[in-house]
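A short worksheet on the structure shown next.
Counting begins at 1 with the first residue of the sequence. Order of listing sets the numbers, starting from 1, for every ligand and every atom in it.
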Amino acid sequence: MTGTDARQAPSGDITQEELQLAARNHGMPLEGLRYDVTPVGLHYLLIHFDIPAADAATWTVEVGGRVERPMSLTMPDLRARPAVTMPVTMECAGNGRARLHPRPLSQPWLAEAVGTAAWTGTPLAPILGEAGLAPEAVELVFEGADHGVQGGIEHDYGRSLPVAEAMRDDVLLAYEVNGMPLPPQHGFPVRLLVPGWYGMASVKWLRRVVASAEPFTGFQQWAYAIRDDEDDPGTPVTRIEPRALMVPPGFPEFFTRARVLDSGRCTLEGRAWSGRAAIERVEVSADGGHTWADAALGPLPAPYAWRSWHYEWDAAPGEHELVVRATDGIGDAQPLEQPWNHHGLANNMVQRVPVTVR
Ligand SMILES: Nc1nc2c(c(=O)[nH]1)N[C@H]1C(S)=C(S)[C@@H](COP(=O)(O)O)O[C@H]1N2
Ligand SMILES: [Mo]
């Protein structure tokens, strides 16, 4: 693959281009961690190109390629099929990128590229069953209606999944979020939803599902890999790494967002998630990560939704650095230092929240 947008910014200053992307693609304000289901307008957004014009009355999802019976599904066809609603935590693979040194020039996320929505749609597997995958099919390629240039390559946004992953019974063609039709920015009228994977897999404005006999090599497939440099073949990014975030306690200063709170008992709360296994442990440190204590976990959520946690902190006057870290059921825990990679992907370093207790 030639051409990349993965240039690095050596200094800490955010560029105009990064600011332009950040203003289009907003994160979830961290106080949004309060909700089991994120109100739609607080859910993060990542849109590579322009939101395409879409008419639900004429929209079709074409199922073709290496299938025995190609299909053309209208929105009424999709809505007439069995419907499933699932709360799913989605996170952008670039979350944490802006804390890297040097900083890969792209959407400059700090930690807020996450949200949990109740998605409604119809399972993909029975559709693929009806279309009849040919024996040589190894992947399904999902193509969006949005078009642009990235890394010097003009393309429609597209991503693939291996057949086994696409046939999971929780992979949906989703047409509602939080009980309402998808809004334009989240993929109206229909998107793919791949629970547990970083957001890039959940192709919005879905137009085509193509069964392919070869692994897909499109730009968006290539770009999402952990690599040291552009020539490194790298390791593709798939499932969401564990992360815990806290609602920053107290109140903020407008410009710096520095936090102040009163001394005494303070309940720290937040959410934790992993795309690989259930969250089994959340630990909190009030001294910058020197000593840790276990937070109390909320009830086990649906398989791909975030888990609530809280911790009773006795806040003594002075300066403190609060830190939180999650461990999932396969023993993966968040790192204290962020490992660097060329595109700034899957950076799940712990959140640090400096506070002044008065
Ligand atoms: N067609 C299309 N699908 C897309 C994208 C896109 O730009 N175009 N962005 C992807 C990325 S990188 C992420 S993180 C999620 C974000 O989904 P959301 O905006 O609904 O939160 O959508 C994914 N699906
Ligand atoms: Mo993303």
Side-chain angles (χ1 to χ4, degrees), residues 5-6 21-22 24-28 32 37-54 59 61 87-98 104 106-121 141-151 155-161 171-178 180-209 218-225 236-241 243 273 275 304 306 343-348:
D5 62 343
L21 280 175
R24 287 181 57 83
N25 298 306
H26 65 74
M28 182 191 70
V37 170
T38 312
V40 172
L42 297 184
H43 194 285
Y44 86 98
L45 285 180
L46 198 294
I47 298 151
H48 283 73
F49 306 131
D50 293 345
I51 297 170
W59 194 270
V61 178
V88 172
T89 297
M90 194 184 289
E91 182 177 12
C92 181
N95 207 6
R97 173 184 291 128
S106 184
Q107 169 73 25
W109 296 122
L110 293 166
E112 63 296 302
V114 67
T116 299
W119 301 95
T120 299
V141 182
F142 301 90
E143 292 173 26
D146 48 332
H147 187 88
V149 184
Q150 197 177 346
H155 60 280
D156 293 342
Y157 186 95
R159 288 275 313 178
S160 76
L161 289 176
V171 170
L172 302 185
L173 302 187
Y175 46 75
E176 284 182 11
V177 60
N178 297 3
M180 290 171 303
L182 296 185
Q185 65 273 26
H186 286 297
F188 178 85
V190 58
R191 78 179 302 171
L192 184 67
L193 183 75
V194 188
W197 284 50
Y198 280 110
M200 75 279 155
S202 292
V203 176
K204 302 193 268 191
W205 312 291
L206 183 68
R207 295 245 60 164
R208 273 176 301 277
V209 179
F219 181 84
Q220 301 297 340
Q221 201 72 19
W222 171 84
Y224 286 92
V237 170
T238 59
R239 299 249 174 180
I240 301 174
E241 300 290 338
R243 191 195 293 274
W273 61 91
Y304 295 105
W306 56 23
H343 302 278
L345 298 174
N347 299 298
N348 62 333

Fill in the blank from the handout: Closest non-hydrogen contact found for Gln220 with Arg159 is O-NH1, 3.0 Å
Fill in the blank from the handout: Taking only non-hydrogen atoms of Met90 and a 4.0 Å limit, the atoms of ligand 1 in range are 17 (O)
Problem - Residue and atom name of the nearest protein heavy atom (relative to atom 10 (C) of ligand 1), distance in Å to one decimal - result: Tyr157 OH, 3.5 Å
Handout entry: Heteroatom distance test (His48, ligand 1): nitrogen or oxygen, under 3.5 angstrom
Key = yes
Practice task
Let me see the working for Met200 and Tyr157 under side chain to side chain contact (heavy atoms under 4.5 Å, CB included), right down to the final yes or no.
Solution key: CA-CA 10 Å; Met200 75 279 155; Tyr157 186 95; 3.4 Å; yes
Practice task
Classify the contact between Ile47 and ligand 1 as side chain, backbone, both or neither, using a heavy-atom distance cut-off of under 4.0 Å.
Solution key: backbone
Practice task
Give the residue, atom name and distance (to 0.1 Å) of the protein heavy atom nearest atom 12 (S) of ligand 1.
Solution key: Tyr224 OH, 3.2 Å
Handout entry: Side chain, backbone, both or neither: the part of Tyr44 lying under 4.0 Å from ligand 1 by heavy atom
Key = both
Handout entry: Thr89 side, atom OG1; Arg243 side, atom CZ - distance, nearest 0.5 Å
Key = 12.5 Å
Handout entry: Test item: Asn95 and Asn347 side chains (from C-beta on) under 4.5 Å apart, heavy atoms
Key = no
Problem - Under 4.0 Å to a heavy atom of Val203 - the qualifying atoms of ligand 1, by number - result: 1 (N), 3 (N), 24 (N)
Completion exercise
If you scan protein heavy atoms around atom 11 (C) of ligand 1, the nearest is Met200 CA, 3.7 Å
Problem - His155 and Phe49 aromatic ring geometry - parallel, tilted or perpendicular at 30°/60° bounds - result: perpendicular
Exercise for the section: Check whether the ring centres of His147 and Trp205 lie less than 6.0 Å apart, and answer yes or no. Expected result: no
Handout entry: Nearest protein heavy atom with distance in Å, relative to atom 22 (O) of ligand 1
Key = Arg191 NH2, 3.4 Å
Practice task
Kindly confirm or rule out a cation-pi arrangement of Arg191 over Trp119, judged by NZ or CZ under 6.0 Å from the six-membered ring centre and within 45° of its axis?
Solution key: yes
Fill in the blank from the handout: Contact region, Ala93 to ligand 1, non-hydrogen atoms below 4.0 Å, reads neither
Exercise for the section: Give the atoms of ligand 1, by number and element, whose distance to some non-hydrogen atom of Asp146 is under 4.0 Å. Expected result: 1 (N), 2 (C), 6 (C), 7 (O), 8 (N)
Exercise for the section: With heavy atoms under 4.0 Å as the rule, classify the contact between Trp109 and ligand 1 as side chain, backbone, both or neither. Expected result: neither
Completion exercise
Judged by heavy atoms only, the candidate from Glu91, Arg159, Lys204 nearest atom 19 (O) of ligand 1 is Lys204
Practice task
Flag the pair Val88 / Leu193 as yes when at least one side-chain heavy-atom distance between them is below 4.5 Å, and no otherwise.
Solution key: yes
Practice task
Give the residue and atom name of whichever protein heavy atom lies nearest to atom 24 (N) of ligand 1, and the separation in Å to one decimal.
Solution key: Ser202 O, 3.0 Å
Exercise for the section: Take Asn25 and Trp109, measure what side chain to side chain contact (heavy atoms under 4.5 Å, CB included) needs, and give me the verdict at the end. Expected result: CA-CA 9 Å; Asn25 298 306; Trp109 296 122; 4.3 Å; yes
Exercise for the section: Name the option, out of Gly148, Ala174, Gly199, that contains the heavy atom nearest to atom 23 (C) of ligand 1. Expected result: Gly199
Practice task
Taking only Lys NZ, Arg NE, NH1 and NH2, and the carboxylate oxygens of Asp or Glu, determine whether Asp156 and Arg208 approach each other closer than 4.0 Å.
Solution key: yes
Completion exercise
Met28 and Tyr44 have their tightest heavy-atom pair at N-CB, 4.1 Å
Handout entry: Which of the ligand 1 atoms, numbered from 1, are nearer than 4.0 Å to a heavy atom of Cys92
Key = 14 (S)
Handout entry: Closest protein heavy atom (residue, atom, distance) for atom 9 (N) of ligand 1
Key = Leu46 O, 3.2 Å
Exercise for the section: With heavy atoms only and a cut-off of under 4.0 Å, state how His43 meets ligand 1: side chain, backbone, both or neither. Expected result: side chain
Problem - N or O pair under 3.5 Å between Trp205 and ligand 1 - result: no
Problem - Residue pair Met90 / Ser202, side-chain heavy-atom distance below 4.5 Å - result: yes
